[in-house]
Student: 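If you scroll down you'll find the structure; I have some questions about it.
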Amino acid sequence: MKLVFATNNAHKLREVQQTVGEAFELVSLKECGITEDIPENEPTLEGNAFVKARYIYSRTGLNCFADDTGLEVEALGGEPGVRSARYATDGHDDEANKCLLLERMEGKENRAAQFRTAMALILDGKEYLFEGIVRGKILHEQRGEGGFGYDPLFAPEGWDCSFAEMSAEDKNSISHRGRAVRKLAEFLNK
C-alpha cells in the first residue's frame, strides 16, 4: 500500500519507512507533486497535523499522514508549543528560538518540559490520530552537536545528556516522533 508522508526530508522518510515496514511504500510530498508550503495556522499540534493530512488527501486522493511537533515548557505555560518552529521569528531560525527559550527560562527553577508529536493519518477517507510524548527538562545551556531544533537544550527523563548528545538510535528509541510513528505502524500492521 502507498502512503504519502508530509515531508520532503529523505532522512525522516527513510527512518519512518523502517518503522512502518515493507508492507507500506512511503512517498514524499515532492514525489506526489506537492511542492507548495502547506499552511500550518491552527492553534494546536493536532489541528496542524490534520490540516496537512487533509490537504494532501484532497490533492492526491492517496492515503497519507502528517505530523506536527512542539516543545512544551511547564514554567512558560506550555510555550513555545505549537509555535516551536516560529518561536523567535516567523522563519525557522533554530538559534534564535533556542536563545529566546534560554532567555525566558532565566531564573526559573522548574525546568520540566515535554516534546509532543501529533500524527494525523487519513486511511480510506477515515481520520486517525496518534500521539507521542517524551518528558524531560530544559538544560541551562546547549549541549551536544547532534539532532536539530531544541535538541541541545532538552534532556529526556532517565538520561544525563541532551538529545543532541545521544546517538540517533538512542534518540529515536525514546523520542516523541518515534513513539508516534510506532503507534501508527502498529495500527497499520493490524
Side-chain angles (χ1 to χ4, degrees), residues 3-31 45 48-49 52 65-76 79-88 91-102 105 110-121 130-189:
L3 271 175
V4 178
F5 180 23
T7 189
N8 280 318
N9 181 323
H11 176 72
K12 197 171 171 183
L13 196 67
R14 218 177 8 261
E15 184 180 291
V16 173
Q17 180 70 67
Q18 290 170 344
T19 306
V20 297
E22 294 185 16
F24 301 92
E25 178 191 348
L26 297 189
V27 179
S28 71
L29 291 174
K30 194 177 192 179
E31 290 172 312
L45 299 173
N48 279 336
K52 291 188 274 189
F65 65 99
D67 70 317
D68 198 21
T69 294
L71 174 65
E72 300 168 337
V73 181
E74 204 172 277
L76 301 178
E79 281 185 12
V82 73
R83 295 205 32 85
S84 291
R86 298 168 303 282
Y87 192 43
H92 290 69
D93 186 337
D94 287 348
E95 282 308 309
N97 290 338
K98 289 183 284 192
C99 287
L100 180 59
L101 179 62
L102 283 174
M105 287 300 290
N110 179 0
R111 311 295 287 186
Q114 66 180 19
F115 267 117
R116 190 165 64 88
T117 293
M119 191 162 285
L121 167 70
F130 306 92
E131 184 179 69
I133 295 174
V134 62
R135 289 178 174 75
K137 66 181 178 184
I138 301 300
L139 300 169
H140 291 274
E141 72 282 324
Q142 294 190 53
R143 293 186 0 209
E145 300 296 321
F148 59 94
Y150 298 97
D151 286 357
L153 292 175
F154 184 82
E157 276 182 359
W159 292 77
D160 293 324
C161 58
S162 74
F163 265 169
E165 294 173 299
M166 299 172 88
S167 70
E169 293 78 22
D170 283 344
K171 180 188 170 193
N172 292 336
S173 74
I174 63 163
S175 79
H176 43 295
R177 185 174 289 108
R179 290 175 178 182
V181 169
R182 283 189 290 282
K183 289 177 184 177
L184 170 77
E186 285 169 22
F187 175 81
L188 290 172
N189 286 306

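What's counted below: heavy atoms across the whole structure, side chains too, no hydrogens, waters or symmetry copies.
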Student: Provide the closest heavy-atom pair for A118 versus A49 in the form atom of the first, atom of the second, distance.
Tutor: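 The answer is O-CB, 3.6 Å.
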Student: How far apart are the C-alpha atoms of E79 and V73, what are their side-chain angles, what is the distance that settles it, and do they pass the side-chain contact (heavy atoms from CB on, under 4.5 Å) test?
Tutor: CA-CA 6 Å; E79 281 185 12; V73 181; 5.8 Å; no
Student: So which heavy atom on Y87 is nearest to which on P80, and how close?
Tutor: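 Smallest heavy-atom distance, with atoms named: CD1-CB, 3.2 Å.
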Student: For the side chain of N8 and the backbone of K30, is there at least one donor-acceptor N/O pair under 3.5 Å apart?
Tutor: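 Pair found, side chain donor or acceptor close to backbone of K30.
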Student: Do the side chains of L3 and L188 get nearer than 4.5 Å, heavy atoms only?
Tutor: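 SC-SC contact between L188 and L3 confirmed.
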Student: Test your reading of the model: is there a side-chain donor-acceptor pair from R135 to the backbone of P156, 3.5 Å cut-off?
Tutor: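 Looks like no, no N/O pair under 3.5 Å.
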Student: Using the test salt bridge (charged side-chain N to carboxylate O under 4.0 Å, His left out), find all partners of K98 that sit at least two apart in sequence or belong to another chain.
Tutor: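 With neighbours one apart ignored, the set is E95.
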Student: Please find the pair of heavy atoms, one from E131 and one from I133, that lie closest to each other, and give the distance.
Tutor: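 Scanning both residues completely, I find the closest heavy atoms to be OE1-CD1, 3.5 Å.
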Student: Going by the rule salt bridge (charged side-chain N to carboxylate O under 4.0 Å, His left out), which residues pair with R83 if we only count those two or more places apart in sequence or in a different chain?
Tutor: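 Listed in chain order: nothing, the list is empty.
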Student: Among residues at least two apart in sequence or on other chains, which ones pass salt bridge (charged side-chain N to carboxylate O under 4.0 Å, His left out) with K183?
Tutor: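 Applying salt bridge (charged side-chain N to carboxylate O under 4.0 Å, His left out) to K183 gives none.
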Student: Among residues at least two apart in sequence or on other chains, which ones pass ring pair (Phe, Tyr, Trp, His ring centres under 6.0 Å) with F130?
Tutor: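 With sequence neighbours excluded, F130 shows a ring pair (Phe, Tyr, Trp, His ring centres under 6.0 Å) to F187, given in chain and number order.
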Student: Taking salt bridge (Lys or Arg N to Asp or Glu O under 4.0 Å) as the cut-off, I'd like each qualifying pair that reaches into residues 145-158, sequence neighbours left out, listed once.
Tutor: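 Pairs touching residues 145-158 that pass the test: D151-K171.
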Student: Between CD1 of I174 and CH2 of W159, what distance do you get to the nearest 0.5 Å?
Tutor: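 Rounded to the nearest 0.5 Å, the CD1-CH2 separation comes to 5.5 Å.
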Student: Do any N or O atoms from the side chain of S162 and from the backbone of R143 form a donor-acceptor pair under 3.5 angstrom?
Tutor: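 A pair under 3.5 Å: yes.
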Student: Can you tell me how far the CG atom of N189 sits from the CG atom of L184, to the nearest 0.5 Å?
Tutor: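 So the CG of N189 and the CG of L184 are separated by 9.0 Å.
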Student: Go through the steps for V16 and T7 under the test side-chain contact (heavy atoms from CB on, under 4.5 Å), then give the verdict.
Tutor: CA-CA 11 Å; V16 173; T7 189; over 6 Å; no
Student: Calculate, to the nearest 0.5 Å, the distance between atoms CD and CD belonging to E25 and E31 respectively.
Tutor: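 If I round to the nearest 0.5 Å, the distance is 7.5 Å.
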Student: Considering all heavy atoms of both residues, which atom of G132 and which atom of A180 are nearest to each other, and what is their separation?
Tutor: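 G132 and A180 have their closest heavy atoms at N-CB, 3.7 Å.
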Student: Show, in sequence, the C-alpha distance, side-chain angles and deciding distance for V181 and T117, and conclude whether the side-chain contact (heavy atoms from CB on, under 4.5 Å) test is met.
Tutor: CA-CA 9 Å; V181 169; T117 293; over 6 Å; no
Student: Report the relative orientation of the aromatic rings in F115 and F154; use parallel for angles under 30°, tilted for 30 to 60°, perpendicular for over 60°.
Tutor: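 Rings of F115 and F154: perpendicular, over 60°.
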Student: Could you tell me the separation between the OG atom of S175 and the CG atom of D170, rounded to the nearest 0.5 Å?
Tutor: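 One finds 11.0 Å between OG of S175 and CG of D170.
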Student: Keeping the roles fixed (side chain from Q17, backbone from F24), state whether a donor-acceptor pair exists under 3.5 Å.
Tutor: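 Pair found, side chain donor or acceptor close to backbone of F24.
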Student: Using atom types as modelled and distance alone, determine if a side-chain donor or acceptor of R116 lies under 3.5 Å from a backbone N or O of G81.
Tutor: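 No; zero donor-acceptor contacts below 3.5 Å.
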Student: Given side chains that start at C-beta, do those of H140 and L102 come closer than 4.5 Å, heavy atoms only?
Tutor: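 No, side chains not in contact.
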Student: Which heavy atom of L71 sits nearest to which heavy atom of S84, and what is that distance?
Tutor: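 Shortest heavy-atom contact: N-OG, 2.9 Å.
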Student: Could you walk me through whether M105 and L153 pass side-chain contact (heavy atoms from CB on, under 4.5 Å), step by step?
Tutor: CA-CA 11 Å; M105 287 300 290; L153 292 175; over 6 Å; no
Student: Considering residues at least two apart in sequence or located in another chain, which fulfil the ring pair (Phe, Tyr, Trp, His ring centres under 6.0 Å) criterion with Y150?
Tutor: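 Y150: no ring pair (Phe, Tyr, Trp, His ring centres under 6.0 Å) contacts found.
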Student: Looking only at heavy atoms, what is the nearest atom pair of R111 and L139, with distance?
Tutor: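 Distance-wise, the nearest heavy atoms are NH2-O, 3.0 Å.
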